[in-house]
Structures are given as structure tokens and as C-alpha cells.
Amino acid sequence: MDTRPIGIFDSGVGGLTVFKELHALMPHEDFIYFGDTGRVPYGTRSRETILKYASEDMAFLLSHGVKMVVAACGTASAVLTNKETDRLPVPYTGVIIPSAQAAAVATSTGNVGVIGTPATVRSGAYGRAMRNVRSDIKVTGHACPLFVPLVEAGMFEEGNPVARELAKIYLSPFLGSTVDTLILGCTHYPMLAGLIGKMLGPGIRLINPGAETARYTLNHLMARGMLQDPAHQGISRYYCTDSPEGFAEVAEKFFGSFDASQVTRVELEELSALSKEEAP
Ligand code: DGL
């Protein structure tokens, strides 16, 4: 048994879609969620900048004594390599390997679509991870950056005309193609799963990285005897680098209700000082 919290980080609020899956699967666990809302988005930035931010985010989680680090952010997961994550003193997972494994098993045609931020698609990380499982996988990647502000504006309902128009444009490479599996490779996209699923039809299976990562994390902790006491009622704490009210406002659009008083602001100076002490 391990009573320490699980640490989750993201560039902002979107990673709550991953947190939601983790929490649903492991209600006895304590969680620390860190959202770098002061520097979001990561997906349009350079690899070097994303790596710097991600190592500061992980240092923050380590300073809170977490037992495992989960990179909920598709972009950070795509850019971080073993070089950075093997140095962590606790187990790590991003969203790439769990979802790539699920997609490689799910596809019959071997043609898998990946949608994500420009940095995620550019990294080729999903393709590499899937080809470790099945060498003949072909990837059709497509960056969909405008889905992020769309979802944060609460415009993710199936009938929303702006969402529909944008989805029609972004999903065109997959319509009428041999792709039979699509990875929703960005924190925000599972919020659009209803619309995307309807537009692509039942012939294309959608992979939700949050759900796959939650299963992976549970199995990982269970195999190492690191789960919480099942009698414990899990507690979650949230931190962000911009206004807690802004965090709660977006979280509320995602989940209906969210109390800003649960969120603590961390100053960026504090974060970079911590990363000098704690960085892997
Ligand atoms: N969280 C990011 C991701 O999953 C999306 C937002 C951003 O670009 O930072 O890739």
C-alpha cells in the first residue's frame, strides 16, 4: 500500500478529462492536479520550450511527494522522452503509450488516425509507439489546434454549428479513408467525442487517451503494490499558474460545477525555483 497522492500535470484545464477517468477508476486515491494555465497553450510551442515547462511541472508534483507522475497533456507526453522520464524518482506515464497500445490492438486495417496539437502531430510519437506493438501501422496525423479554444468556450455539443463546421474541415482526411481507428490525441478532444463519432460513423473507433491512461496507471500501481488503502476516501487538490477563478470557469464548462476555492495559484517564479531543486 502507498498512501502518497498521484500527480497529474497538463498545460491547463484540459487534463481534467484525464483526471476524470483516473478518479473514476481509482476513487480511493488522492490526486494532485497541476495545470499550467499561465503558459497554456503548449501545443504551438517549440520542443525545447515544452520540455522546459514539462520538467518544471513535474518538479512541482515531486515537491508534493507524489508516488507517480501522469502527464495528461498530449503535447508534453509526445515531447518527453525516456531521457527525461527515466530520471524521475517515481514511476511515470504519459498518454501516448497507453493509447498507442490500445489503437494498435484495435485497428484491423493497420491505418490509424491521430489528431492532436501541431507539436504532438509533428513529434511522430504516436506512430513510433504503435509500431513498437505492430510494425505495419500507418498513421494519418492531422493537427486540429482550434478544437482547444472551441472546447474551452464550451462549444462542444453535437449540435453546435461552429463545432460542426470545424469538425467537418478537420476530419476530412479520415472520411472515406481506410483509417478504422482514431486517437483523440489532445486533452480537449474527448469533449468532442460525440460529434466526432457521429461525423465519422461507426466504422472508425475512437481512442480516448484519458481512459487508456487511467487503466494503465491502475495496472501499474496494482502490480507494484502501490495502491491506496481501499477504505480511504480520495482527496483531490488542484493547482494552476493563473487565476483559480479562470481555471474553475473552464472546469465548470467541462463538468457542470467546479468550486474555485479548491484551486490554489502557484507563481511561475516559485515553479522555476522548484525545478532547479527538484528537476529530474
Ligand atoms: N493539453 C494540450 C494537449 O493535450 C492542449 C492544449 C495546449 O496546446 O497546451 O496537447
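One-based numbering, in listed order, for ligands and for the atoms of each.
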| note | Those residues at least two apart in sequence (or on a different chain) that pass ring pair (Phe, Tyr, Trp, His ring centres under 6.0 Å) with Y216 are none
| Are D36 and S11 linked by a side-chain donor-acceptor pair shorter than 3.5 Å? | no
| query | For residues S123 and T120, is any side-chain donor paired with an opposing acceptor at under 3.5 Å? | reply | no
Between ligand 1 and the protein, tabulate every N or O atom pair separated by less than 3.5 Å, reporting distance only.
residue: ligand 1; atom: 1 (N); partner: D10; partner atom: OD1; Å: 2.8
residue: ligand 1; atom: 1 (N); partner: S11; partner atom: OG; Å: 3.0
residue: ligand 1; atom: 1 (N); partner: T187; partner atom: OG1; Å: 2.9
residue: ligand 1; atom: 4 (O); partner: G74; partner atom: N; Å: 2.9
residue: ligand 1; atom: 4 (O); partner: T187; partner atom: N; Å: 2.9
residue: ligand 1; atom: 4 (O); partner: T187; partner atom: OG1; Å: 3.1
residue: ligand 1; atom: 8 (O); partner: Y42; partner atom: N; Å: 3.4
residue: ligand 1; atom: 8 (O); partner: G43; partner atom: N; Å: 2.8
residue: ligand 1; atom: 9 (O); partner: S11; partner atom: OG; Å: 2.6
residue: ligand 1; atom: 9 (O); partner: Y42; partner atom: N; Å: 2.6
residue: ligand 1; atom: 10 (O); partner: T75; partner atom: N; Å: 3.0
residue: ligand 1; atom: 10 (O); partner: T75; partner atom: OG1; Å: 2.6

Side-chain donor-acceptor contacts of residues 242-257 below 3.5 Å, not counting sequence neighbours, with atom names and distances?
residue: S243; atom: OG; partner: E245; partner atom: N; Å: 3.3
residue: S243; atom: OG; partner: G246; partner atom: N; Å: 2.8
residue: K253; atom: NZ; partner: E152; partner atom: O; Å: 3.2

For a quick test of your reading: what N or O donor-acceptor pairs under 3.5 Å do the side chains of residues 202-211 make, sequence neighbours left out?
residue: N208; atom: OD1; partner: G210; partner atom: N; Å: 2.9
residue: N208; atom: ND2; partner: E21; partner atom: OE2; Å: 3.3

| F147 vs Y170 aromatic rings, parallel, tilted or perpendicular, using cut-offs 30° and 60°? | perpendicular
